[in-house]
There are 2 protein chains.
Amino acid sequence: MLSNKAKYGIKAVLYLAQFEGEPVQIAAIAETQNMPKKFLDAILLELRNAGILRSKKGKGGGYTLALPARKITIGQIVRALDGPLAPIACASRNAFRPCDDCTSVDLCEVRAVMLEVRDAIAAVLDHTSVDDLRHRRHQVEPLLIYDI
Amino acid sequence: MLSNKAKYGIKAVLYLAQFEGEPVQIAAIAETQNMPKKFLDAILLELRNAGILRSKKGKGGGYTLALPARKITIGQIVRALDGPLAPIACASRNAFRPCDDCTSVDLCEVRAVMLEVRDAIAAVLDHTSVDDLRHRRHQVEPLLIYDI
DNA sequence: ATTTTGTCTACCAAATCTATAGATTATATG
DNA sequence: CATATAATCTATAGATTTGGTAGACAAAAT
């Protein structure tokens, strides 16, 4: 599940990517992107602490990307704000934690599928950069094509 | 995110699949599978209402699969218990709902990636049946292979 | 020194998750 | 019919997470 926090975070980074290097203030992002300013405060701070953004205080300050847009993946942003991508902790590759009720981690069928799911999610999010997303054709295909 | 509810639900269905047609009582599932009985009560009821399980009251009663195990997918179970697979409502194909803060659904980049994610998740869960999972070799590959 | 802008600490309301308790209803069997 | 069995329904409740808000503080530019 993608929280509002992560959604705002992605949108904010996407917005920042438009201003190569030039600092943008929180207030400007909040207004143009339609997000609560104070909430965005905390989000941008987390992204800064994760090394995705850079900040500058005082007049003329604001936030910028800490890396080129093609080096920042959506996966990094989501992980920084929502934690591991895996649907369940025992299926996480970077933050594994066994279930309390599980007798055998290795034989758990639920874990087996959820590992596949986590890999499928990571395959998408870790291979989509902010730059990719910005230049993507987002033509929405008719829903019927995908309904099985 | 997979809730405990859905995890218990999958495990319970998997367990039921071992007893072709023969009713199994909630208490028996709860004990052998290490789940809170009363919680499981509610879960099995939901799965019954979703047409995945069948129940029989009274002596000799219990729960059975309502369909052959190869006709029940993990996707069905998860949807019945946790709702839509999509990470965000605007990216759901069966339960679409636009975001409050979104100005243009069609042009939203977040939605575009999340649609891909939802398809990736569904591809796994809708193509894995209870039967598949039961007979799967669940050898766990070394984690390193998948770390990119 | 003052203004601007990010940073930090605390707090809070609402929703969701994870159950639990207890009464009730249907079914099989003697 | 009486009884035991097992699912079902209703109600409630604690814990955690989500989605914020308020206000003081710190750094930088002018």
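Convention: sequence-line order gives letters A, B, ...; per-chain numbering from 1.
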Item to check | Given DNA chain D, 5'-ward residue of the pair A:K57 and B:Q25, judged by closest heavy atom | outcome: B:Q25
Checklist entry - Roughly how many Å is it from NZ in A:K37 to P in C:dC8, rounded to a whole number? => result 14 Å
Checklist entry - For B:F39 and C:dC17, what is the distance between atoms CZ and C1' respectively, to the nearest whole Å? => result 7 Å
Item to check | Atom-pair distance (CG on A:D41; C1' on D:dG23), nearest Å | outcome: 12 Å
Checklist entry - Does any non-hydrogen side-chain atom of B:Q76 lie less than 4.5 Å from one of B:I52? => result yes
Checklist entry - Within the structure shown, what part of the strands sits under 4.0 Å from B:L44 by heavy-atom distance: base, sugar-phosphate, or nothing? => result nothing
Next on the checklist: Looking at B:R136 and B:D132, is there a salt bridge between them, counting it only when a charged N and a carboxylate O are closer than 4.0 Å?
Outcome noted: no
Next on the checklist: Can you tell me if B:E20 has over 12 outside heavy atoms packed within less than 6.0 Å of its CD?
Outcome noted: no
Item to check | Atom-to-atom span, NZ of A:K38 to C1' of C:dA10 - whole angstrom | outcome: 12 Å
Checklist entry - Does the pair B:D82/B:K7 count as a salt bridge with the N-to-O cut at 4.0 Å? => result no
Checklist entry - Within the structure, does a side-chain N or O atom of A:Y8 lie under 4.0 Å from either OP1 or OP2 of D:dG20? => result yes
Checklist outcome for this item: Between CG of A:L45 and C1' of C:dG6 the distance, given in whole Å, is 8 Å
Next on the checklist: Output the rounded distance in Å from CG (A:L81) to P (D:dT17).
Outcome noted: 16 Å
Checklist entry - Are A:D119 and A:R93 close enough for a salt bridge, meaning some N to O gap below 4.0 Å? => result yes
Checklist entry - Think A:S55 has a side-chain N or O under 4.0 angstrom from the OP1 or OP2 of C:dT7? => result yes
Item to check | Distance in angstrom units between B:M35 CE and C:dT20 C1', rounded | outcome: 18 Å
Next on the checklist: Both A:P36 and A:G58 contact DNA chain D. Which one's nearest nucleotide lies toward the 5' end?
Outcome noted: A:P36
Checklist outcome for this item: With the side chain defined as heavy atoms from C-beta on, B:N4 is closest, among D:dA29, C:dA19, D:dT8, to C:dA19
Checklist entry - CG of A:N49 versus P of C:dG6: gap in Å, rounded? => result 15 Å
